[in-house]
Student: 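Take a look at the following structure, please.
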Amino acid sequence: PQGLSRAAPDPSRSSTDSLGHPAPPLRRVYLAIASAAMLTFLCTFTNKATNVMYPFITQSFHQPLNVIQWVTTAYMLANTVSITTTAYLLRRFTARAVERAAAVLFLAGTLLCAPATNLAVLFTGRVLQGLADGLCVAVMFFLGFTQVPKKKLGAITGVAGTIMALGCALGPTYGGWLCDVLSWRTVFWSLLPVALLSLVIGEIAIRNEPIGNAHAFSYLALTLLTAA
């Protein structure tokens, strides 16, 4: 009717995302990013907290520090190998499937680390957590860059960086406090509820369609990278 103005369309919203798929509601997108961000925070937090666990772990396993430090080295190597596969994985599988794999790997690694009775078990658990780290970081930024409106990308990127920085800051402090007050194993046990929450939210909120890969995955390249 005359006299009534029509609301201008919001340029930040679109019927499709940056990959050409139907755009999900922003609330669901933010929840999806939050699920990956929680897991990313846990991975960053644990990586930094492990550094202050060294004196306690050496006492528990009666191993010298230079041997215990391989726990962190293995984590970083697994993280590096894992993150190099994410470009292929996120084109081949849904982000929800990749996030689910990351959460399951992290939970399995945590359940190995917390009650570990020898260094080999702790080492294996940290490798699984390193693999999870590479996957969840990629999912977090993938969701942000493909499903968030362009004018909000700066804010989302800043929040993601802040979450990772917060994990780096709280890891040594909160982790060290838990080691002093309770046990280094408590640090790992305390991660389980948040990791489970991340898995549940991811299953509910993450929605996207993979765009496929024109080329097959190079297992040779992955093997050479791992060996290097």
Side-chain angles (χ1 to χ4, degrees), residues 33-83 99-141 157-202:
I33 295 174
S35 70
M38 282 191 289
L39 200 57
T40 299
F41 170 81
L42 292 181
C43 290
T44 308
F45 170 88
T46 312
N47 190 32
K48 299 305 177 183
T50 305
N51 295 333
V52 299
M53 294 182 198
Y54 285 152
F56 304 93
I57 297 175
T58 55
Q59 292 177 9
S60 295
F61 296 148
H62 307 290
Q63 295 285 346
L65 181 60
N66 62 330
V67 174
I68 297 296
Q69 286 176 331
W70 275 99
V71 170
T72 296
T73 303
Y75 178 95
M76 299 305 296
L77 289 174
N79 183 13
T80 302
V81 171
S82 173
I83 204 167
E99 174 67 9
R100 182 190 303 135
V104 170
L105 284 169
F106 186 85
L107 286 166
T110 303
L111 288 172
L112 284 176
C113 290
T117 56
N118 57 67
L119 189 58
V121 175
L122 181 64
F123 184 92
T124 303
R126 290 296 287 154
V127 167
L128 294 179
Q129 288 183 331
L131 294 173
D133 191 358
L135 296 179
C136 65
V137 170
V139 171
M140 178 175 66
F141 284 103
T157 304
V159 169
T162 301
I163 289 170
M164 297 174 73
L166 189 62
C168 293
L170 291 180
T173 52
Y174 179 69
W177 177 76
L178 281 179
C179 288
D180 284 334
V181 175
L182 297 172
S183 166
W184 63 268
R185 300 178 188 277
T186 311
V187 177
F188 291 108
W189 288 122
S190 66
L191 306 175
L192 291 176
V194 183
L196 285 170
L197 180 62
S198 170
L199 176 61
V200 171
I201 294 176

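Numbers here are sequence positions counted from 1.
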Student: Taking C-beta and beyond as the side chain, do T73 and L77 meet within less than 4.5 Å on heavy atoms?
Tutor: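 Side chain of T73 against side chain of L77, heavy atoms only: contact under 4.5 Å found.
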
Student: To check you understand the geometry: which heavy-atom pair defines the closest contact between G175 and A49, and what is its length?
Tutor: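 Shortest heavy-atom contact: CA-CB, 4.2 Å.
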
Student: Are T50 and Y75 close enough, and set up right, to give a side-chain contact (heavy atoms from CB on, under 4.5 Å), and what steps lead you there?
Tutor: CA-CA 10 Å; T50 305; Y75 178 95; over 6 Å; no

Student: Starting at CD of Q59, measure out to CE of M53 and round the result to the nearest 0.5 Å.
Tutor: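 Reported value, rounded in 0.5 Å steps: 14.0 Å.
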
Student: Checking S198 side chain against V194 main chain: does a donor-acceptor pair fall under 3.5 Å?
Tutor: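 Side chain of S198 to backbone of V194, a donor-acceptor pair under 3.5 Å: no, none is there.
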
Student: Distance check, rounded to the nearest 0.5 Å: I163 atom CD1 versus L166 atom CG?
Tutor: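 Going from CD1 on I163 over to CG on L166, the span is 8.0 Å.
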
Student: Could you tell me the separation between the CD1 atom of I33 and the OG1 atom of T40, rounded to the nearest 0.5 Å?
Tutor: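 Nearest 0.5 Å value for the CD1-OG1 distance: 11.0 Å.
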
Student: Taking the side chain as every heavy atom from C-beta outward, state whether F45 and V187 have any atom pair closer than 4.5 Å.
Tutor: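 Of all side-chain heavy-atom pairs linking V187 with F45, at least one is under 4.5 Å.
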
Student: Of all heavy-atom pairs between G130 and S82, which one has the smallest distance, and what is that distance?
Tutor: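 Scanning both residues completely, I find the closest heavy atoms to be O-CB, 4.3 Å.
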
Student: What do the steps show when you test F188 against L178 for side-chain contact (heavy atoms from CB on, under 4.5 Å), and what is the final call?
Tutor: CA-CA 10 Å; F188 291 108; L178 281 179; over 6 Å; no

Student: CD1/I68 to CZ/F123 distance, rounded to the nearest 0.5 angstrom?
Tutor: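 Here the interatomic distance stands at 11.5 Å.
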
Student: Would you call the rings of W184 and F61 parallel, tilted or perpendicular if under 30° counts as parallel and over 60° as perpendicular?
Tutor: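 Perpendicular.
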
Student: Which heavy atom of L199 sits nearest to which heavy atom of A103, and what is that distance?
Tutor: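 Scanning both residues completely, I find the closest heavy atoms to be CD1-CB, 3.8 Å.
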
Student: Any donor and acceptor pair, going by atom type alone, linking the side chain of R185 with main-chain N or O of A116 inside 3.5 Å?
Tutor: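 Yes, the answer is positive, given that a donor and an acceptor are paired below the 3.5 Å cut-off.
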
Student: For a quick test of reading the model, state the closest non-hydrogen atom pair linking V127 to A74 and the distance between them.
Tutor: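 Of all heavy-atom pairs spanning V127 and A74, the closest is CG2-CB, 3.8 Å.
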
Student: In terms of heavy-atom contacts, does CH2 of W189 have more than 12 from other residues, nucleotides or ligands at under 6.0 Å?
Tutor: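 Yes, because the 6.0 Å sphere around CH2 of W189 holds more than 12 heavy atoms from other groups.
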
Student: Taking all non-hydrogen atoms of both residues into account, name the closest pair between Q63 and V67 and its distance.
Tutor: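 Distance-wise, the nearest heavy atoms are OE1-CG1, 4.0 Å.
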
Student: If you define the side chain from C-beta out and look only at heavy atoms, does anything of D180 sit under 4.5 Å from F56?
Tutor: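 Answer yes - side chains close enough.
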
Student: Quickly, which of T46, T110, N47 forms a side chain to side chain donor-acceptor pair (under 3.5 Å) with Q129? Name it, please.
Tutor: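 Filter result, single survivor: T110.
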
Student: Nearest 0.5 angstrom please: C136 SG to F141 CZ, how far?
Tutor: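 Here the rounded value is 10.5 Å.
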
Student: Run L135 and E99 through side-chain contact (heavy atoms from CB on, under 4.5 Å) and show every step you take.
Tutor: CA-CA 7 Å; L135 296 179; E99 174 67 9; over 6 Å; no

Student: Kindly determine whether D133 and I83 satisfy side-chain contact (heavy atoms from CB on, under 4.5 Å), including the steps that lead there.
Tutor: CA-CA 8 Å; D133 191 358; I83 204 167; over 6 Å; no

Student: Quick one, I201 and M38 - any side-chain contact, counting heavy atoms below 4.5 Å?
Tutor: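 Side-chain contact under 4.5 Å: yes.
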
Student: Just verifying a value: how many Å separate L191 CG and F106 CZ, rounded to the nearest 0.5 Å?
Tutor: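 The distance works out to 4.5 Å.
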
Student: Are W70 and L119 side-chain neighbours, meaning at least one heavy-atom pair lies under 4.5 Å?
Tutor: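 In short, these two side chains do not touch, never coming nearer than 4.5 Å.
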
Student: Which heavy-atom pair separates L112 from V121 by the least distance, and what is that distance?
Tutor: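 Looking at all heavy atoms of both residues, the closest pair is O-CG1, 3.4 Å.
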
